[in-house]
Amino acid sequence: MSYQHAEDNWFAAILIGFIALSVLVNIWRARQGKQLYIRRIPGLDAIDEAIGRSTELGRPVTMIPGLTGFGVEAVQALTIFKYITKQIARFATPMRLLTANATVYAVAQEAIADAYNEAERPDLYDPDSVRFLSSEQFAFASGVAGLIQRERVAANFMFGIFFAESLIFAETGNIVGAVQIAGTVSFTQVPFFVAACDYTIIGDEFYATSAYISREPVLLGSMVGQDLAKISFASMIVGGSLISTFLGTNHPIVQLLGKPQGWQPFVEWLSQALGR
Amino acid sequence: MLFDTTQLLVALLWIAGAFALAIALIPLLGTLPPRGRFALISVVTFIVGLFFAAEFFLPVGEDNKNILTDPFQKMQGSLQVITALSLGLGTYGLVRLHLRNTVQRRPQWGYSVVLLTAFIVMAFFSIWNTMAEKGLFGLKRTPLLENAFTLLFDYTLIQLDATMFSLIAFYIFSAAYRAFRIRSIEASILMFTAMLMMIGIVPLGKYFSDWMGLPTTLTDEMRTNPFMWENILYNLRLPQIADWILKTLNAPVQRAIEFGVGIGALAMAIRLWLSLERGIT
Amino acid sequence: MDWLIEFLPSSVERINVWIGVICTFAIYSILYRENPFYRFFEHMYIGLAAGYALGPYLVDALYRYWWEPIRTEGVWWLVFVVPFGMYLYFIYNERYGWISRIVIGALIGAYSGLAFQMFSSRYLPQLHSALTKPLWFPPNATGEIYLSNIFNNWIFLIILISVMTYFTFSFEHRGAVKRTAILGRWFLMIGLGAMFGNTVMARMALLIGRVYYLLDSWLMIRVGGG
Amino acid sequence: MQPRTVWERMMRIDRRILYLILAVNIIGTLMVRVAIEPDIPPAVKSFYDTIEALQPGDMVMVSSTWSAGTLAENQPQFEAVLKHLMRKRLRFTIISFAPPARDISHRLARRIAEENGYVEGKDWAHFGYMPDIIIAIKGMSEDVAQTIRQDVRRVPIAELEVMQGIKSLKDYKLVVDVTPSDTLVSWISYRPPNLKILYCPTSVIAAEAYTFLDSGQILGIITGAKGAYEYERLLGIVGLGTRFINAIQFSHVLIIFFILLGNFAMFMQRRASAS
């Protein structure tokens with residue numbers, strides 16, 4: 001039940017090729033200026049609502065780009081934070097961005113300054129609003145918890161990769177009555193966010209959110225390509241289930257779809273079927 | 001003879017040469033324009049990726065190997081060496097930060113001294129221990145090493161580690177009480193499932209079910225006739241419900257998540273391989 | 001009385017246990033409030049962990065995957081790995097910082113190249129298993145298949161497809177698709193609830209393990225279960 | 001901001017009081033012994049049956065990557081599995097992918113082996129620590145002696161009596177992965193095609209593994225210390241799982257009670273502030 005090489009079932013190579021192609025073609029289309037469609041996910045409405053609530057209250061907004069170092073998820077989290085900052089800049093609501101990594105900190109400073117410029121309120125940008133607290137998990141967590149309680153934040157946004165510290169953030173935000181929106185690809189932490197936050201953006205939705213906001217061709221194209229792959233998976237599952245039901249679970253077509261060593265029986269079956 | 005690095009002298013000469021080459025290349029690399037830099041990084045990324053991809057995709061012979069299967073081990077080992085070097089990088093950053101704290105007498109610099117002392121002592125014994133294990137430079141495991149290592153590792157580091165992990169239990173308990181509220185349909189489904197699991201997977205679940213008088217065994221008759229009253233009651237036992245949730249409701253959810261993550265990871269691998277991902281490099 | 005004599009740190013073994021216990025209580029003191037005692041041990045912990053890693057991770061890897069193959073197998077080309085790997089250390093240098101990206105690029109390339117076998121081995125058997133769940137008694141039934149299996153297969157398929165529908169983004173969710181997706185999110189919550197229940201159990205077990213250590217090794221009380 | 005009603009005060013209870021309640025609950029339930037027989041879940045039963053189906057002398061690999069951090073979850077599993085392997089008179093080798101895991105598993109295995117008359121090198125061996133799991137699995141799939149070179153005592157692999165007739169992972173019947181991290185994925189992805197896998201995860205990562213159980217990529221799961229208790233009951237032995245189970249289940253009861261209490265307080269508080 002495992003693949004040592006692609007030869008174990010060439011279907012693997014075909015499927016990987018198909019996914020790669022659909023991702024690359026869509027990235028190319030997006031780069032050519034084609035407007036690719038990505039649906040507006042409900043999480044975005046939740047973000048906008050939270051922004052609205054915090055501007056009414058006039059208390060600060062906190063943003064946490066996860067615990068990890070600088071990587072794909074941190075970049076995408078900052079894209080979303082830039083969007084939020086642009087929105088709240090119009091109402092001069094104060095914001096705090098708290099990081100646990102020096103590189104993320106440096107990039108975040110730039111991004112937030114950019115956001116205020118783009119909102120045409122560079123005067124509101126306070127370099128001290130982006131802070132590096134600690135790179136130690138629980139030291140960072142207690143720093144964030146302290147700040148949330150002291151400043152009685154109105155909204156708390158958590159996007160990126162999180163570990164066990166997630167529940168400390170969520171619990172503290174809950175105590176001060178902040179609107180909380182979380183978005184993470186760390187599935188083990190999602191239950192804590194769902195139980196304690198007002199809305200949780202889960203898994204792939206997180207990537208879709210930043211693609212939607214940034215309109216970055218590579219992200220958009222990749223998102224659309226991945227969708228094609230998912231649809232092909234789903235149709236293989238439905239089609240395969242029907243074949244399994246009517247023709248048996250070891251029909252050559254069923255074996256082809258994913259079983260190691262499933263290629264040979266399929267080829268034999270196919271040549272027989274064509275020969276006849 | 002020239003390539004026979006099993007001779008100590010030849011090996012050392014080769015290594016010295018490699019270092020000299022690496023250093024000599026630096027000024028040369030420095031002359032590259034930004035476009036050239038990006039191109040160089042992309043090419044290196046692509047070629048290394050191509051090696052591992054080709055090992056998987058190329059057809060194999062009778063022995064289930066292709067031309068790249070044997071060098072694979074050495075390539076992967078080289079990556080491991082680089083990963084190890086990057087660990088040294090993290091350590092360097094940490095030590096640099098706390099040395100600076102200490103030298104500049106920043107607030108709370110005393111703790112930095114604690115950290116550095118612990119670091120140096122532990123690094124000394126840890127490296128000694130590793131070298132003694134391999135018998136490098138004729139180093140041996142002495143009683144001093146054994147005792148110091150036991151104290152520092154078994155009775156200090158391990159204890160701190162285990163305690164740090166166990167702290168989370170307290171946080172979960174407090175969060176469960178103060179933050180887990182029935183605020184939406186979703187949160188309610190999640191918490192109801194969680195509570196059912198918590199009681200269903202421990203022996204108390206069986207105890208309650210027995211106490212309620214639900215059937216304890218599944219007979220063949222119950223299996224073939226699902227609409228039998230006993231069968232329905234049997235399936236209402238807490239352990240059975242918990243197992244059914246895990247296997248029939250949880251497994252497809254996990255699989256859907258797996259497919260999403262897997263396709264996403266593959267797409268990301270392709271983007272990174274071809275240096276399409278923006279904002280990272 | 002015997003217990004007390006045994007309990008006190010009078011031998012090397014007992015002194016070690018006591019030190020372990022002090023570490024444990026120092027960390028737990030954070031639960032009351034942040035304090036210098038905790039900070040001391042926290043910094044010691046970070047220092048020890050960083051120091052420990054150098055032996056088994058750095059020295060061992062260099063020896064095993066670099067020095068040993070060069071010396072015993074004569075793999076001469078490996079000599080270039082360390083000098084060029086050291087380019088990583090340019091990361092702190094402003095002028096040559098970009099050179100470290102070459103090495104990081106190599107690591108990223110390897111991650112990408114390895115992704116293909118991982119994808120095939122990890123996900124394709126799962127795909128195969130998802131589509132070999134008959135929705136009615138199949139013609140070539142091997143082993144016994146009961147009505148309950150068929151019922152569970154239907155549930156499996158419905159949940160799998162609805163959760164996958166939830167995670168699609170390139171088209172508008174309207175009508176039946178929207179309802180399926182919402183259903184998918186609810187099913188997702190069941191899966192997450194199951195994870196959550198298990199997570200709680202894991203965390204509790206770790207705390208119990210620690211308390212057990214304190215009772216068993218330190219206070220020398222023989223605990224439950226014989 | 002003085003809390004006014006009793007409900008509000010209840011919701012704002014000092015967290016330290018909660019911590020104390022949990023600590024007392026755990027100490028109390030650890031000391032008391034309430035023996036409740038478990039229902040053996042199918043995943044544990046099939047774990048047991050897979051090992052039972054092996055013949056004496058068959059070779060098993062135990063992949064042990066846990067250390068002190070998750071000792072409470074993994075040690076009971078590790079001990080129970082090893083005892084079962086020895087009872088069946090199977091040969092086994094242990095491998096670790098983290099240095100602390102090597103020390104802890106070697107020490108434990110030596111102790112259990114002595115109790116069961118197993119001789120290191122003859123009936124079992126410890127391969128020590130391998131830094132990279134992918135190299136180790138791919139390498140061992142071709143040739144164990146070449147990949148590992150020496151066991152933990154620095155005896156060359158080829159000279160170990162236990163390795164007679166074993167060249168690569170293809171000659172192994174089974175892998176048991178005792179782990180708190182994602183080593184399972186590497187075993188699933190890079191093992192030889194016919195090697196069976198049994199899984200001993202910490203409870204945190206157990207629920208995710210049910211998709212692999214369903215697809216047959218793994219054949220059984222022992223879930224944390226609780227699973228170890230169920231396994232101990234199957235084997236008819238008393239181990240750490242049996243000692244912990246009571247505290248585990250009553251901590252669950254406590255948490256469920258407090259979640260309900262918290263929601264009740266919120267409900268009452270809302271009603272009070274509405275009126």
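Below, read A as the first sequence line, B as the second, and so on, with proteins coming before strands; counting in each chain starts at 1. Just so it is clear, the structure is predicted and the values come from calculations on it, not from any experiment.
- Against chain B, the residues from residues 109-117 of chain C that qualify, each with a non-hydrogen atom under 4.5 angstrom away, are C:Gly109, C:Ala110, C:Tyr111, C:Ser112, C:Gly113, C:Leu114, C:Ala115, C:Phe116, C:Gln117 in number order.
- For C:Met118, no part lies under 4.5 angstrom from a heavy atom of chain B.
- Around the CZ atom of C:Arg179, the shell of radius 6.0 Å holds no more than 12 heavy atoms that belong to other residues, nucleotides or ligands.
- Between B:Phe51 and B:Phe46, a ring centre-to-centre spacing not shorter than 6.0 Å is recorded.
- In this structure, no portion of C:Thr168 lies under 4.5 Å from any heavy atom of chain B.
- In C:Phe151, the CZ atom is not crowded: 12 or fewer heavy atoms of neighbouring residues, nucleotides or ligands sit closer than 6.0 Å.
- Interface remark: C:Thr72 contributes backbone atoms only to the contact with chain B (heavy atom separation under 4.5 Å).
- Interface remark: C:Arg210 contributes side-chain atoms only to the contact with chain B (heavy atom separation under 4.5 Å).
- Contact of C:Leu31 with chain B is made through the side chain alone, with heavy-atom distances under 4.5 Å.
- C:Ile99 touches chain B through its side chain: at least one heavy atom from C-beta onward sits under 4.5 Å away, while N, CA, C and O do not.
- Heavy atoms of C:Val82 lying under 4.5 Å from chain B belong to its backbone as well as its side chain.
- When ring centroids are compared, B:Phe52 and B:Phe72 come within the 6.0 Å threshold.
- Using a 4.5 Å cut-off between heavy atoms, C:Ala26 makes no contact with chain B at all.
- Residue C:Val12: no heavy atom, backbone or side chain, is found under 4.5 Å from chain B.
- By the ring pair (Phe, Tyr, Trp, His ring centres under 6.0 Å) test, C:Trp76 pairs with B:Phe3, B:Trp14, sequence neighbours left out.
- Residue contact with chain B, scored on non-hydrogen atoms closer than 4.5 Å, involves the backbone and the side chain of C:Tyr57 alike.
- Within the 4.5 angstrom heavy-atom criterion, only side-chain atoms of C:Tyr146, from C-beta onward, approach chain B.
- Of the atoms belonging to C:Leu127, heavy atoms from both backbone and side chain fall under 4.5 Å from chain B.
- Residue contact with chain B, scored on non-hydrogen atoms closer than 4.5 Å, involves the side chain of C:Tyr87 exclusively.
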